[in-house]
Amino acid sequence: MNVLFDNLGEFGTRFLGTIELFVLAAIASLVLGTVLAAMRVSPVPAMRVAATGYVTLLRNTPLTLVFFFFAFGFPLLEIADLSFFTLAVVALSLYTAAFVCETVRAGITTVPPGQAEAARALGLGFGQSLTLIVLPQAIRAVVPPLTSVQIALLKNTTVAAGFSVVEAGGIYQVLSERGYSTLVGLLWVALGFVILITPLTLLQRSLERRWSASSGGAVKAGAR
């Protein structure tokens, strides 16, 4: 316990950095991943090719290499002077968006094609039928795998510690410099991540219960 209480400020600062990194990257990856999924099922071939190329490239590239590019390659392009924290958010968002895209696309395939055809028969365009009819059902169908992707993102934030970003993955370096047991410190870090992941798991179960109950109610109403 001494390792935790003697370094409580360090643990708090770094876990706060982890939470900020996760929240920003989660929002960005969900938005970008959903847009990519829409492009993957778009009737425009160029959009499908572009989204497929993006997903193939990012899914098959190690996250560490993505970080290396943004930490050392991106500044050489002299496009913008961004902090390591911002670059870490960008790297995590772009990487995770590829997995969000494939998860959402899998959800889209579970929606019966007749619903999209019915939407088109009512005069709705591709964008309207996708956002109003297909995507809401697709998101419901992929809540568990989508939550798993976000949990993986939370754990992937530890990679940022190797690129001078203040977050929980770098606590062991501070403890080692101060002469504390690194192993005990890492056990506290692991416990901290369990605490952070638990709300995501509870949210997933809550959404599953709520949406399964509403689906059951709709089925019963339709059977009457």
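Residue numbers start at 1 and run along the sequence shown.
Residue Asn156 is tested with Leu63, Ile151, Leu21 for a side-chain contact (heavy atoms from CB on, under 4.5 Å); the sole match is Leu63. Between Pro145 and the choices Thr147, Val143, Val149, Val142, the side-chain contact (heavy atoms from CB on, under 4.5 Å) rule is met once, by Val142.
From Leu122, atom CG reaches atom CG of Leu132 across 11.5 Å, with rounding to the nearest 0.5 Å. Interatomic distance, Ile171 CD1 to Leu4 CG, rounded to the nearest 0.5 Å: 9.0 Å. Separation of atoms CZ (Arg205) and CG (Leu200) is listed at 12.0 Å; rounding is to 0.5 Å.
Contact annotation: the side chain of Met39 never approaches that of Tyr54 to less than 4.5 Å [non-hydrogen atoms, C-beta and beyond]. No side-chain heavy atom of Leu153 sits under 4.5 Å from any side-chain heavy atom of Phe99. Within the 4.5 Å cutoff, the side chain of Phe74 has no heavy atoms near those of the Val90 side chain. Annotation: side chain of Ile108 is in contact with side chain of Leu130 (closest heavy-atom distance under 4.5 Å). Side-chain atoms of Leu154 and Thr18, non-hydrogen and from C-beta on, do get closer than 4.5 Å to each other. Between Ile197 and Lys155 the shortest side-chain heavy-atom distance falls below 4.5 Å. Gln150 has its side chain within reach of Leu30: a pair of non-hydrogen atoms, C-beta onward, lies under 4.5 Å apart.
Put simply, Leu16 and Phe5 are part of two different groups of oily side chains (I, L, V, M, F, W, Y) that touch within less than 4.5 Å, one to the next. Under a hydrophobic-cluster definition in which Ile, Leu, Val, Met, Phe, Trp and Tyr are linked whenever side-chain heavy atoms come within less than 4.5 Å, directly or via other members, Leu191 and Phe11 are assigned to the same cluster. Taken together through direct or relayed side-chain contacts under 4.5 Å among Ile, Leu, Val, Met, Phe, Trp and Tyr, Leu8 and Val184 form part of one hydrophobic cluster. Under the 4.5 Å side-chain heavy-atom criterion for Ile, Leu, Val, Met, Phe, Trp and Tyr, Leu94 and Leu65 are members of distinct hydrophobic clusters. Under the 4.5 Å side-chain contact rule for hydrophobic residues, Ile27 and Leu87 share a cluster.
Between Arg105 and Glu102, at least one side-chain nitrogen of the basic residue sits less than 4.0 Å from a carboxylate oxygen of the acidic one, meeting the salt-bridge criterion.
The heavy-atom pair separating Ala91 from Phe70 by the smallest distance is CB-CD1, 3.8 Å. Residues Gly33 and Val100 come closest through the heavy atom pair CA-CG1, 3.8 Å. Residues Val111 and Ala138 come closest through the heavy atom pair CG2-N, 4.0 Å. Considering all non-hydrogen atoms of both residues, Leu58 and Ala98 come closest at CB-CB, 3.8 Å. Across Leu124 and Ser129, no two heavy atoms sit closer than the pair CB-N, 4.3 Å.
Using a distance-only test at 3.5 Å, with no hydrogens or angles considered, a donor-acceptor pair links the side chain of Thr56 to the main chain of Thr52. Between the side chain of Ser29 and the backbone N or O of Ala25 there is at least one donor-acceptor pair closer than 3.5 Å. Remark: the backbone N or O of Ser93 is not paired with any side-chain donor or acceptor of Thr96 at under 3.5 angstrom. A donor-acceptor contact shorter than 3.5 Å links the side chain of Gln128 to the backbone of Gly125.
With sequence neighbours left out, Arg48 forms a salt bridge (charged side-chain N to carboxylate O under 4.0 Å, His left out) with no residue at all.
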Derivation and outcome, side-chain contact (heavy atoms from CB on, under 4.5 Å), residues Leu135 and Val104: CA-CA 8 Å; Leu135 272 180; Val104 174; 3.8 Å; yes
side-chain contact (heavy atoms from CB on, under 4.5 Å) between Leu92 and Tyr95, worked out: CA-CA 5 Å; Leu92 286 169; Tyr95 180 79; 5.8 Å; no
Criterion side-chain contact (heavy atoms from CB on, under 4.5 Å) on Phe22 and Leu196, from CA distance to verdict: CA-CA 10 Å; Phe22 167 69; Leu196 291 180; over 6 Å; no
Test log, rule side chain to side chain donor-acceptor pair (under 3.5 Å), inputs Thr86 and Ser83: CA-CA 5 Å; Thr86 304; Ser83 66; 3.0 Å; yes
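Summarising the local packing, CG of Asn60 is surrounded by more than 12 heavy atoms from other residues, nucleotides or ligands at distances under 6.0 Å.
Between Phe15 and Phe193, the distance from one ring center to the other falls under 6.0 angstrom.
Evaluation of the salt bridge (Lys or Arg N to Asp or Glu O under 4.0 Å) test over residues 7-18, restricted to residues two or more places apart or in two chains, returns Glu10-Arg14, Glu10-Arg178.
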